[in-house]
Amino acid sequence: MSHVKALKAQKVFLYSLNSFVLLVLFCGCVKADDGYRLWLRYEPLPARSRSRIKTISVQGQSATFDVIRSELSQGCSGLLGRTIEVGNRDDASVVVGLPQTSTLVRNLKWDAELKRLGPEGFRIRTVRNVIVIASTTDIGALYGAFYFLRLLQTEQPLDHLQIDQRPALKLRLLNHWDNLDGSIERGYAGKSLWMNTDNDRRLIDYARANASIGINGSVLNNVNANSEFLTAKYLQKFAAIADVFRPYGIRVYLSPRFSAPIELGRLPTADPLDPAVIEWWKQKADEIYKLIPDFGGFLVKANSEGQPGPRTYNRTHADGANMLAAALAPHHGIVMWRAFVYDLKPGYDRAGAAYEELQPFDGKFAPNVLLQVKNGPIDFQPREPFHPLFGAMPRTQLMPELQITQEYLGFDNHFVFLATMWREFLDSDTYARGRGSTVSRVVDGSLYRQRLTGIAGVANTGTDRNWTGYDLLQANWYAFGRLAWNPNASAQQIATEWTRMTLTHDVRAVTTIVGLMLGSHEAVVNYMTPLGLHHLFWGGHHYGPAPWWDTEKRDDWNPVYYHKADAFGIGFDRTKTGSNTVSQYRPEVARQFGRIDTCPEKYLLWFHHVPWNFMLRSGDALWDELALHYQSGVDWVRSTRATWATLSGVIDPERHAAISKKLAIQERDAVWWRDACLLYFQSFSKEPLPPGVEHAAKPLSEYKAKALDW
Ligand code: GCW
C-alpha cells in the first residue's frame, strides 16, 4: 500500500470511528428531529410506562377504519418499542368498533350512551382486561383512537379508563388565507400546502394532525378571495383534496368572492336581490356539490378592506349572507359571514364599527348562517378585551375567529403560547344573562340554545418542514384544536399534553417548559403593548414597533390613532367623554371597563386616556409602570433563554438549537420594542426612565428610519 493510500485508509477509519462515537453518544440521549411529525412522533416511551398492550383489534371496514388501523399500529408499535399486531379478534388488548360493526361493542349495550355522545363522540372503557374504544360512527372511533394514543403518549394509567367524550362545538375549522399564487396572507411558514403542490403525503399528514385534535374542516383559500377559486379548474382541485381529507373527518370549505357573478358569470351586477345573481349562485352551489358531495360551505369577507359585498348595492349584510345561504341550503351547506367590517365614516372609533353595523341584524340571518366574529373588536392584537358582539346577538349564531398565525405577535420568531390568551377571551364574562355568561357559554350554544356552533382559527401552517416555521408554535395549532373540542380545557393541561407528546418525557423539563409556555403571552404583551395599548405596529407587515406611524391613508390604520399619546397622557378614551363604544357592552361590563378606577389595568389604555402621573394599583405612576412593563418583557425573554439552555440534554439537539436561535431573535426584538416605544412615548411624557429600566442603545431617529428586520 502506498503512503498516500495508507493515509487515506487511516482517515476513513478515523472518520468512521468518529461517526460511530457520535452515533453512540446520540443514542444515549435523544435523536435529532426536524419537527415534521408534530405531536404524533410515536417515539418509544420511557420503560416506566410501556403498557402491556399486545394486540389491537379494529372492527369495521371503511377508509376511516383503515386510517384507524394504520395509526394505531404505527403509534402503538412506535411508543411501545415492539411490533403490535393489528387484527380483528375479540380477545385483543384493545378493541375499536361501533355497535353496528363489532359484536363485542354491541354486547356491551352502550347504544343509548353512545347516541348521547353524538356522531363525533366516543367512549373508552377498560372492560375486564380489554380497552374498548366505541362510537356510533367511524369518525367518532377515529377520534377515540387518537385520544387513546394521547393517553399512551402522555403516560396515563390505562387500568380503569372511564372516558366519555364529545366535542362541545360542531364546527372546528382552520381558515387558510392561501392565495392563487401559492403565497399565504400573513403566513410565515412557507407556501400553501395545496395551491402549488400535489404532495399527497403532506396532505395526509396535515389531515392526520387535524383529526388527532378534532379539527373537522378547512377553508382552503383566502377570505381576500379571487373569483378564480370558483372556476371548474379549482373546484376539481378542491374535490381531490376533499377526497384525501374525507377519511379523516375533514370537510372542505371555500371563500367565494362576492362579485363572482360579474367576473365569472358576466352579469352586470352582484346585487344579492337580483334574480339572475340568485340563480347564478344556486347553479354554482349545484356544481360544487356535484364534485364535492359533502362540501361544507362558504366563508365570506364582504364590504371589508375593499372586498365587494351587498352594501355595494345598498343591501344589508343579512341580504348578502342569506342569499348565499339559500343557494347552499338544499345541500346542507352553511355560510360563515365575517363580522370584520369597519368601512364606516371618518372620525369614528373602529372598535365600535362591527357592533354598529351588525348588531341591528340580530335575528335576521338564515338558520344556516353563522356570524364569524374575531375575538376582539380591533384585529388580533396581542391583547384585546372580548368583542362586544359576544352576548349581544341572542338570535344569531356566533362563532369566534382566532388567529393562530402570529400577524401581530412576532410572526414565526416569537415564542407565544396562545392558549392563555384564548382562555382569557373564552372566560370573559359578557353578563348577557347575568353573571357567569362567559364567552365560552355564548359560543358553545348553552346560553342561547344556539343550534349550530363553531370556532375558526386562522392557520399558522405552511410548507416549511416543521409546518409552522418554529417548533414551539406547533403548540398553538394543537391548542386551537383542543380548545375547539373543549372550550373549557385549561391552558396548563394543553401545554402539558403537547410538551410530553412533542418535546420530552423528562418530568422536570416538562414542568419547566410548561411554565415558560404559560408565561409567554403576558411577556410578549409586556414588551409590545402593555396596559391596554394596541396597534403600535409598523404599517403593512406588522412586525416591529412604529408607534409614531401616521402616514396611512385611513386614520385607523395608523398607530397614533390608537394610542393618542400627548403631553397630558396616553390611551384611547372609549368612555362617555370619548367615543363611548364601551357602552356596547352590557351595563355591568360597561361600568367596570368605563371607570378608570375599576377598569382592569390590562385594558386601561384601551378604554381610557390616562394622565402620565396617574397612580396605578402598584403605587407607581403610569409612566413608570409602563416603562417597567416593557422592561419586564425583556427580562422574561432573557431568563427564558437561560432556562432553555439548561434543557439541552433532554431535547433533541436539532430542535433545541433551532429554538435557541429563535429565542435570540426574540430577545433582540423585545429590546427593540422596549427602546423604540419608550423613547417615542418619552417625547410626550418628558419623564426619566425609572430605576431598573435600561436605556436605549440608539436615538429614536434610528428606530424610525428602518423597520425591525425578520
Ligand atoms: O388582520 C387583518 C390582516 C389582513 C386580513 C384581515 C382580515 C385577510 O392584516 O391581512 O385579511 O385582517 O381578517 O380580513
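- Ring-plane geometry between Tyr289 and His331 is classed as parallel, the angle between the planes falling under 30 degrees on a 0 to 90 degree scale with a further cut at 60.
- For the 3.5 Å distance criterion, the side chains of Ser440 and Asp444 fail to qualify, holding no donor opposite an acceptor.
- Between Tyr431 and Tyr585, the ring centre distance reaches or exceeds 6.0 Å.
- Between His534 and Tyr562, the ring planes lie perpendicular to each other; the angle is over 60°, past the 30° to 60° tilted range.
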Glu279 vs Gln283, side-chain hydrogen bond (donor to acceptor under 3.5 Å, both in side chains): CA-CA, chis, key distance, verdict: CA-CA 6 Å; Glu279 182 55 29; Gln283 287 191 14; 2.9 Å; yes
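- Electrostatic pairing of Arg435 and Asp429 does not count as a salt bridge here, judged by no charged N lying under 4.0 Å from a carboxylate O.
- In this structure a side-chain-to-backbone donor-acceptor pair under 3.5 Å is present from Asn558 to Thr551.
- You'll find the ring centres of His176 and Tyr206 inside the 6.0 Å limit.
- Taking the six-membered ring where the residue is Trp, Phe537 and Tyr408 present perpendicular rings, their angle passing 60° and hence far from 30°.
- Between the side chain of His563 and the backbone N or O of Trp548 there is no donor-acceptor pair closer than 3.5 Å.
- Of all the heavy atoms in Trp549 and Trp557, the pair that sits closest is CD1-O, 4.5 Å.
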Check the pair Glu357 / Asn303 against side-chain hydrogen bond (donor to acceptor under 3.5 Å, both in side chains), numbers first and verdict last. CA-CA 11 Å; Glu357 266 201 76; Asn303 293 119; over 6 Å; no
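- Between the side chain of Tyr253 and the backbone N or O of Val335 there is no donor-acceptor pair closer than 3.5 Å.
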Does the pair Phe238 and Phe295 meet the rule for a ring-ring contact (aromatic ring centres under 6.0 Å, His included), with working shown? CA-CA 10 Å; Phe238 295 145; Phe295 178 68; 8.9 Å; no
What pairs of donor and acceptor atoms, side-chain ones from residues 227-236 against any protein atom, are under 3.5 angstrom apart with sequence neighbours left out?
unit_1	atom_1	unit_2	atom_2	d
Ser227	OG	Glu263	OE1	2.3
Thr231	OG1	Glu228	O	2.6

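- At distances below 3.5 Å, not a single donor-acceptor pair connects side-chain atoms of Thr463 with backbone N or O atoms of Gly190.
- Between the side chain of Thr468 and the main chain of Asn460, no donor-acceptor pair closer than 3.5 Å is present.
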